2 protein chains.
Amino acid sequence: MANFFEESDISASKKRVLNSALVLFVEKGFFNTSIPDLVAHSGVSTGSIYHAFKDKEHLARTLMDLLLAKVEVDQATLLAAHRECWQRYYHLAKWLFEMTETFPHVMQFILYARHREFMPTIQPLCSSKPFMTLRSVLEQGQQLGQIREMDLMVASSIAYGSILRLIQLHLDGLAHEPLQEHLDELTCAAWRAIKAD
Amino acid sequence: MANFFEESDISASKKRVLNSALVLFVEKGFFNTSIPDLVAHSGVSTGSIYHAFKDKEHLARTLMDLLLAKVEVDQATLLAAHRECWQRYYHLAKWLFEMTETFPHVMQFILYARHREFMPTIQPLCSSKPFMTLRSVLEQGQQLGQIREMDLMVASSIAYGSILRLIQLHLDGLAHEPLQEHLDELTCAAWRAIKAD
DNA sequence: GTCTATACTCAGATAGAC
DNA sequence: GTCTATCTGAGTATAGAC
């Protein structure tokens, strides 16, 4: 399992706690993960955890902020490299699949944790910058006449709902082949549904 | 807010507790809902709750079992009324949208609660009968040559992932128009993606 | 079946030495 | 910055009267 925080500019013990939090929050859930669990998994003591993070909620927030920040950077890089709508869509899908296979815990935490339940003030995920970016790619395609005139949320649901659904099936163990094998079939199918005719 | 348990053959106080559990588990989450919360919301005492349900987990299981049983009955009725693949797909989507608008808490609890976290032995939702039924509709359509040859999980992700995504956007408040308004546009688009050519 | 009062557990958080 | 020891309170579940 790749360590997502390896290269970040964070103190060593913070990194270990964040990584343990990521793993345990995904595998057991936030509320089933006690501070003693984090101590045992990370090898960092209670005192040090509370020295680095105000409380358990703040730990989760820090984790989420770091993950989303990394995602934003990845997306920006990707959109800079591809400027055409279909290319962008295809490579976003590819990147989502790669992320899922390289950092399954990261994807599970971002996509499927019930953030509101343990971070009461967080904004809904679907209003976050990465999700807005996904939609904006389709919006631009629509303005250029490459995507048919249809409700943006509907187009978005087709284009990304299908990708996210396959990712979930994969993470839940119902689609065990490598996701990349389905990349072309899935993106082409979704594109048929939304492309201008 | 419609009460889902109105007509069920369950004692009155059980019904009240189940309804409160549904509402509170969805609005605050399972772990943020204490027994005192359930007492305050349902008007049923701690003692009576524990008389009716072994413990909090068993309450959640009973709730989930009742919801899934109702869903199975609805699906069976619907499939008996429509025998052609496209018809079945369209009416399943319609029913999912109707369920979401009539019983949003029910849909949220079924689709978006992290069941595993508070019911450790439950099977994954995507392996449950209702989800298998959704896939089997596409499988039959494929055998009859009405749906193109493609991986079943991919077809499924397109057909239902898009519907579930729009439902999620709606429940999260990003798509506020009535779902029914998007029914035709969404199902037709998804069908373009998967129909045989 | 329904209720009130209460026991027990353990997680979250702090204090304070090193 | 790191640790151990400890406190406190919330929350689950039970006992036992009605």
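Owing to the predicted nature of the structure, the values given are computational and were not obtained by experimental measurement. Lettering follows sequence order; numbering is per chain, from 1.
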Output all residues satisfying salt bridge (Lys or Arg N to Asp or Glu O under 4.0 Å) with [X], sequence neighbours left out; order by chain, then residue number.
X	value
A:Lys15	none
B:Asp65	none
B:Glu72	B:Lys129
A:Glu139	none

Checklist entry - Can you list every ring pair (Phe, Tyr, Trp, His ring centres under 6.0 Å) pair that touches residues 165-194 of chain B, not counting sequence neighbours? => result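 Applying ring pair (Phe, Tyr, Trp, His ring centres under 6.0 Å) to every pair that reaches into residues 165-194 of chain B, excluding sequence neighbours, yields B:Trp86-B:Trp191.
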Under 3.5 Å, which donor-acceptor pairs link side chains of residues 46-54 of chain B to any protein atom two or more places apart or in another chain?
residue	atom	partner	partner atom	Å
B:Ser48	OG	B:Ser45	OG	3.3

Rounded to the nearest angstrom, tell me the gap between atom [atom1] in [X] and atom [atom2] in [N].
X	N	atom1	atom2	value
B:His58	D:dA13	NE2	C1'	15 Å
B:Asn32	D:dT12	CG	P	10 Å
B:Leu59	D:dT12	CG	P	11 Å

Each nucleotide N or O in nucleotides 1-4 of chain C that has a protein N or O under 3.5 Å away: list the pair and distance.
residue	atom	partner	partner atom	Å
C:dT2	OP1	B:Ser13	OG	3.4
C:dT2	OP2	B:Ser13	OG	3.2
C:dC3	OP2	B:Ser45	N	3.0
C:dC3	OP2	B:Ser45	OG	2.9
C:dC3	OP2	B:Ser48	OG	2.9
C:dC3	O5'	B:Ser45	OG	3.3

Item to check | Residue list, ring pair (Phe, Tyr, Trp, His ring centres under 6.0 Å) with B:Phe5, at least two apart or on another chain | outcome: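 Applying ring pair (Phe, Tyr, Trp, His ring centres under 6.0 Å) to B:Phe5 gives none.
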Any N/O pairs under 3.5 Å between the protein and nucleotides 8-12 of chain C? List them or say none.
residue	atom	partner	partner atom	Å
C:dG12	OP1	A:Lys56	NZ	2.7
C:dG12	OP2	A:Ile35	N	2.8

Item to check | Parallel, tilted or perpendicular: rings of B:Phe4 and B:Phe103 (30°, 60°) | outcome: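 Aromatic pair B:Phe103/B:Phe4 classed perpendicular.
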